[in-house]
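Counting starts at 1 for both ligands and their atoms, in listed order.
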Amino acid sequence: MADQYAHHGEDKPPTDIPAIRWEEPPEGPVLVLLDQTRLPVEEVELVCTDASALVEAIRTLAVRGAPLLGVAGAYGVALAAARGFDVDEAATALAGARPTAVNLSVGVERARAAYRAALADSTDPQQAAAATLAAARQLHREDAEASVRMARHGLALLDELLPGGGHRVLTHCNTGALVSGGEGTAFAVALEAHRAGQLRRLWVDETRPLLQGARLTAYEAARNGMAYTLLTDNAAGSLFSAGEVDAVLVGADRIAADGSVANKVGTYPLAVLARYHHVPFIVVAPVTTLDPHTPDGASIEVEQRPGYEVTEFSAPQVPVMGAGGGVAVAPLGTQAYNPAFDLTPPELITAIVTEEGVVSPVTAEALADLYARSRQVSGG
Ligand SMILES: CSC[C@H]1O[C@H](OP(=O)(O)O)[C@H](O)[C@@H]1O
C-alpha cells in the first residue's frame, strides 16, 4: 500500500527532500520515496508499507536510477522483515521489478543474506529484522560515500583531459541525488566541477520518452544553481558539430564483464558522436553497477517498456503552464537550445540518390558532375 505526503505548495521552493528515507511512525515502519514521476512540478512523497507498493513504485519509476534501486531494494527487504511479511517472497518480487539495473538485485540479495544470517544466529524475527535494516542502512551509507569519491575522481579526470577548466559537459538522463544515496554519479561529477568553478555549461539531454533530463536533471541543476541548458536528444549532434561539448558524462545501469555499458536509451548514439568528434565519453558508476557474472552487452537484459510511454505524454496531475502557453515539463525558467535543423558532413553520407542517378562517395566533384549532366538533359 502506498499513501502520499503532499509537499506541493503554491510557492514552495524546491527543497532537499531525500529521494528515499526510512521512517518508524507508531503504526509501523515505512519507506518514504520522493515520487519522481511527479517532479519537477510537485514534490510528493510515497509512503510504502510493504514490498508490493515498492515494486509498483520501481516499475513506474517513482523511484529509479541504478544505485538508488539497490538501496530501495535493500530497504524493501528490511520492510518485509520488519512487518513480518515473507522475506523471500518480497525479495524475489523486488529483484524482478526491473531487469537491467544490476544494483537492484545486488541490494536485495545483500539484505536477504543479512536476514538469513541473523535468523541462523537467532530465531528472534525482530533481531533478524534489525539486522536486515542495518544492512540496508549500510548500503545507503556506502552509496553516499561512493558518490563523493566518484565526484572527486571524475573532476580530476576532467581537469586532466581538459586542461584550462571551464568544462562544457553534456549529460543524458538523470544521474544526480535522485538516483543515489548521495549526490549521484555522472551528475555528481558535474556538480563537483560547478562547485570548483570549473563547469561552464551543463548540456542536459531531455531524454525521451520519460524526460528524466528535462524533468529531473534540470530540477537538480536548478536547485544547485548550475549553468544548464536543456536540449532535445536529437539536437545533441549539432552541439558536438559546433564544438560546444568538451566531454560527455553518463551513468550506467549495468556494466558487463567485457566493459559493455547498459544505460538509458540514447547513450550509444552519444558515444558514437563523441568518438567522431574526439570528445571524451565518460561513464560514472559505483562498483555495485559492475556485473562480472554477465559476460558481455548481448547478455544484458534490456528492459522493454510500454509503448504508451512513447505514444503519449503523461500529463502532470497539477499542470503548470509555461511561458509559451503549454504545459511545462521542465522547471519554469529553464533555458533551452532549440535549432530546427542540423548539418551532416559528406564523409558520413554513403550516397545521395537523385532522379538523375546516385552520387557515391559524396564529393564536390561528383555533385558538380551530376548537376552539369542534369542541366544538359533539361537543356537548362
Ligand atoms: C546512474 S543510475 C541512473 C541511470 O538510471 C536511469 O535509468 P532509469 O531512469 O530508467 O532508472 C538511466 O539509465 C541513468 O543513467
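- The shortest separation from a heavy atom of V250 to ligand 1 is not under 4.0 Å, leaving the residue out of contact.
- For a threshold of 3.5 Å applied to N or O pairs, the pair formed by Q212 and ligand 1 contains at least one separation below that value.
- Shown here are the ring-ring contact (aromatic ring centres under 6.0 Å, His included) partners of F240, two or more places apart in sequence or in another chain: H277.
- Looking at V320 and V327, their side chains never come closer than 4.5 Å, going by heavy atoms from C-beta outward.
- Counting only heavy atoms of the protein, atom 9 (O) of ligand 1 lies nearest to R64 NE, 2.6 Å.
- The pair R201-E244 does not count as a salt bridge, with every side-chain nitrogen at least 4.0 angstrom from each carboxylate oxygen.
- If you check the side chains of Y228 and T217, you find no donor sitting under 3.5 Å from an acceptor.
- There is no side-chain donor-acceptor pair under 3.5 Å between R208 and N234.
- Regarding atom 12 (C) of ligand 1, its nearest protein heavy-atom neighbour is C173 SG, 3.4 Å.
- Remark: ligand 1 atoms within the under-4.0 Å shell around heavy atoms of P67 are 1 (C), 2 (S).
- Residues D124 and S122 have side chains that never bring a donor and an acceptor to within less than 3.5 angstrom of each other.
- Note that OG of S180 is 10.5 Å distant from CG of N174, once rounded to the nearest 0.5 Å.
- Residue N263 places at least one N or O, backbone or side chain, under 3.5 Å from an N or O of ligand 1.
- Here the protein heavy atom with the shortest distance to atom 1 (C) of ligand 1 is T185 OG1, 3.2 Å.
- Aromatic ring orientation, Y75 versus H140: perpendicular (interplanar angle above 60°, classes split at 30° and 60°).
- Listed by number with element, the atoms of ligand 1 under 4.0 angstrom from any heavy atom of R98 are 8 (P), 10 (O), 11 (O).
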### Task
Mind running side-chain contact (heavy atoms from CB on, under 4.5 Å) on L158 and I282 for me, showing each step along the way?
CA-CA 9 Å; L158 283 180; I282 301 166; 3.8 Å; yes

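- Looking only at protein heavy atoms, the nearest one to atom 13 (O) of ligand 1 is D253 OD1, 2.4 Å.
- Distances between N or O atoms of V284 and those of ligand 1 include no value under 3.5 Å.
- The closest protein non-hydrogen atom to atom 3 (C) of ligand 1 is N174 O, 3.5 Å.
- Within the 4.0 Å heavy-atom cutoff, E303 does not count among the residues contacting ligand 1.
- Contacts between H172 and ligand 1 below 4.0 angstrom, taking non-hydrogen atoms only, are absent altogether.
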